[in-house]
Amino acid sequence: MTRSTPQSRFCLLTYPRTGSNLLVKILNLDNQPTLVPCKDGGYFFARLSLLRYDMGCAGAHIKDLRDDQRAQETACIQECLQALTQYVHDAENQDKGIFFKEHTHMLSNPVAKSQFVFGADSIDEAVLVSQRAEGQSPYNETLLPDRFLNTLRPTFLIRHPALAFPSYYRAARKADGDEYLRSEQGRRVCRNIMTLRWSRQLYNFYVQHFNGTETSTRNEITWPLILDADDIMTNPAVVIRFCENLGLDTTRLRFQWDKDEQKRRPGIMAFRSTIDGSTGIDVSKASGENIDLDESAKQWREEFGGDSGQVIEMYVREAMADYEFLKERRLRA
């Protein structure tokens, strides 16, 4: 067995609608003998995002939270950290490794998210320092201390923004409705989610501060890794190579499965309906070689309305440089 050491602590860092649930299905994590599985593959910090929704302040600046809301958020962050820490400890006690996934925007510090949406000058330097966790460098914008990040072997999962962003908006509209998404709060939520900023920032942090020069003995790969959703859907050899480099059992990979009949929170169901209703990989979800952004923008305006379509187009075009940067560095087979 593989003890949960830095060599056996793997995390998948992604943004919504990139196929992370599909990848977890394929890897068959619950049946990998060297790992301790976790519910839905991870999302230890999802409850933090849901809390903001439940409190009615999902898009609020951190300084505009009431004292009781700020206290609830602080307590929730601690609960998320404790749940992740317990998962690591359970794996250590069983001499096994871990694999969990997180959306990078959920893992990001509320202060950093407020700065991104409202501007860098919207938070005083004193507040930045006071909100920084112990052992956390200024370049670490997550909720995790540097020392813990350094124990992880991260993989960043990406997908073309012209597919991921409208897919997110489509699911969010089903979950929250048009009126909410077009509200000031809804637009701020979209701003924080429909971006690759969090993924690229964390990727750069790893490259510059930790694992960027550390090479695996397997096929000479370098951490952190990057996977593209197109490769997951159309090139099984990439998934097999990824699995081999994590020391997972490739014979347990699955490309067919039964529908998932679990009952979940309605808002979550809106985002999981496709994967839960699937029985295998749908290659039509892949982007293909070329996407015409001008033509896609016309379709978004028709589907979501002129204003919303323009917002989606703006975020997609803004994210393309980050996407191309990360895609160029993706794992190949």
Side-chain angles (χ1 to χ4, degrees), residues 1-2 4-38 40-43 91 96-104 107 149 151-160 163-164 196 199-200 202-203 206-207 210-257 275 278 280-283 285-287 323-333:
M1 295 294 184
T2 303
S4 181
T5 65
Q7 287 71 41
S8 61
R9 293 182 184 176
F10 307 109
C11 65
L12 183 67
L13 301 166
T14 181
Y15 50 96
R17 316 307 284 174
T18 56
S20 64
N21 291 318
L22 173 64
L23 179 58
V24 167
K25 286 270 193 186
I26 295 171
L27 294 178
N28 198 11
L29 296 175
D30 289 352
N31 293 299
Q32 288 289 344
T34 61
L35 299 179
V36 172
C38 51
D40 290 331
Y43 292 140
K96 290 189 176 184
I98 64 172
F99 184 108
F100 68 96
K101 64 176 178 177
E102 295 291 343
H103 285 328
T104 48
L107 193 59
L149 289 178
T151 69
L152 301 176
R153 297 295 171 263
T155 298
F156 291 83
L157 180 61
I158 61 174
R159 188 186 184 197
H160 198 297
L163 294 180
L196 271 71
S199 294
R200 183 164 178 179
L202 188 50
Y203 174 82
Y206 264 109
V207 169
F210 290 138
N211 303 326
T213 59
E214 181 173 331
T215 301
S216 167
T217 57
R218 303 169 186 268
N219 301 323
E220 298 184 347
I221 66 164
T222 301
W223 300 95
L225 296 180
I226 296 174
L227 294 176
D228 189 282
D230 272 14
D231 294 327
I232 301 304
M233 290 183 274
T234 64
N235 192 351
V238 169
V239 180
I240 291 173
R241 187 183 180 202
F242 175 65
C243 193
E244 289 173 343
N245 279 284
L246 269 60
L248 303 183
D249 186 350
T250 57
T251 67
R252 295 177 183 262
L253 294 178
R254 58 181 179 179
F255 298 93
Q256 298 289 330
W257 47 80
I275 187 65
S278 71
I281 299 172
D282 182 357
V283 295
K285 300 291 185 180
S287 66
Y323 173 70
E324 294 295 345
F325 172 88
L326 295 168
K327 183 180 180 180
E328 179 63 28
R329 292 156 176 80
R330 75 190 187 279
L331 182 69
R332 294 174 171 86

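Heavy atoms only: backbone and side chains are in, while hydrogens, waters and symmetry mates are out.
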**Request:** Please step through side chain to side chain contact (heavy atoms under 4.5 Å, CB included) for the pair L227 and V239, ending with a clear verdict.
**Result:** CA-CA 9 Å; L227 294 176; V239 180; over 6 Å; no

**Message:** How close do G97 and A91 get, counting heavy atoms only, and between which atoms?
**Reply:** O-CB, 4.0 Å

**Fill in**
When rounded to the nearest 0.5 Å, the distance separating OH of Y206 from CZ of R153 is 8.5 Å

**Fill in**
With sequence neighbours left out, the residues meeting side-chain hydrogen bond (donor to acceptor under 3.5 Å, both in side chains) with N31 are N28

**Message:** Nearest 0.5 Å, please: how far is OG1 in T14 from CG in N21?
**Reply:** 9.0 Å

**Fill in**
ring-ring contact (aromatic ring centres under 6.0 Å, His included) filter on F99, not counting sequence neighbours, yields none

**Request:** Grab the two heavy atoms, one from S20 and one from H103, that are nearest each other, plus how far apart they are.
**Result:** OG-CE1, 4.4 Å

**Asked** Can you check whether L326's main-chain N or O pairs, donor with acceptor, with R330's side chain at less than 3.5 Å?
**Response** no

**Item:** Distance-minimising heavy-atom pair for P37 and D30
**Value:** CB-OD1, 3.1 Å

**Asked** Roughly how far, to the nearest 0.5 Å, is CD1 of I158 from CZ of R200?
**Response** 11.5 Å

**Asked** Who passes ring-ring contact (aromatic ring centres under 6.0 Å, His included) against Y15, sequence neighbours left out?
**Response** none

**Residues which pass ring-ring contact (aromatic ring centres under 6.0 Å, His included) with H160, listed by chain and number, not counting sequence neighbours** = Y323

**Request:** Would you please name every residue forming a side-chain hydrogen bond (donor to acceptor under 3.5 Å, both in side chains) with R252, sequence neighbours left out?
**Result:** D249

**Prompt:** Minimum heavy-atom separation for K96 to P33, with atom names?
**Reply:** CE-O, 3.3 Å

**Message:** Nearest 0.5 Å, please: how far is NZ in K25 from CG in L27?
**Reply:** 12.5 Å

**Test side-chain contact (heavy atoms from CB on, under 4.5 Å) applied to C11 - qualifying residues, sequence neighbours left out** = L13, F100, L152, P154

**Request:** Evaluate the side chain to side chain contact (heavy atoms under 4.5 Å, CB included) criterion for residues R17 and L163: first the C-alpha distance (whole Å), next the side-chain angles of each, then the deciding distance (0.1 Å), finally the verdict.
**Result:** CA-CA 8 Å; R17 316 307 284 174; L163 294 180; over 6 Å; no

**Message:** Please determine whether side chain to side chain contact (heavy atoms under 4.5 Å, CB included) holds for the pair L253 and C243, giving the CA-CA distance in whole Å, both sets of side-chain angles, and the decisive distance to 0.1 Å.
**Reply:** CA-CA 9 Å; L253 294 178; C243 193; 3.9 Å; yes

**Message:** Restricting to side-chain contact (heavy atoms from CB on, under 4.5 Å), what partner residues turn up for V24, sequence neighbours left out?
**Reply:** L29, K101

**Complete:** d(T104 OG1, Y203 OH) to nearest 0.5 Å is 14.5 Å

**Asked** Quick one: CG on L331 to CG on L225, what's the gap to the nearest 0.5 Å?
**Response** 6.0 Å

**Request:** State which residues pass side-chain hydrogen bond (donor to acceptor under 3.5 Å, both in side chains) with R254; sequence neighbours excluded, sorted by chain then number.
**Result:** none

**Prompt:** Do F156 and L202 pass the side chain to side chain contact (heavy atoms under 4.5 Å, CB included) test, and can you show the C-alpha distance, the side-chain angles, and the key distance before you say yes or no?
**Reply:** CA-CA 9 Å; F156 291 83; L202 188 50; 3.9 Å; yes

**Prompt:** Closest heavy-atom contact between D230 and T234?
**Reply:** O-OG1, 2.7 Å

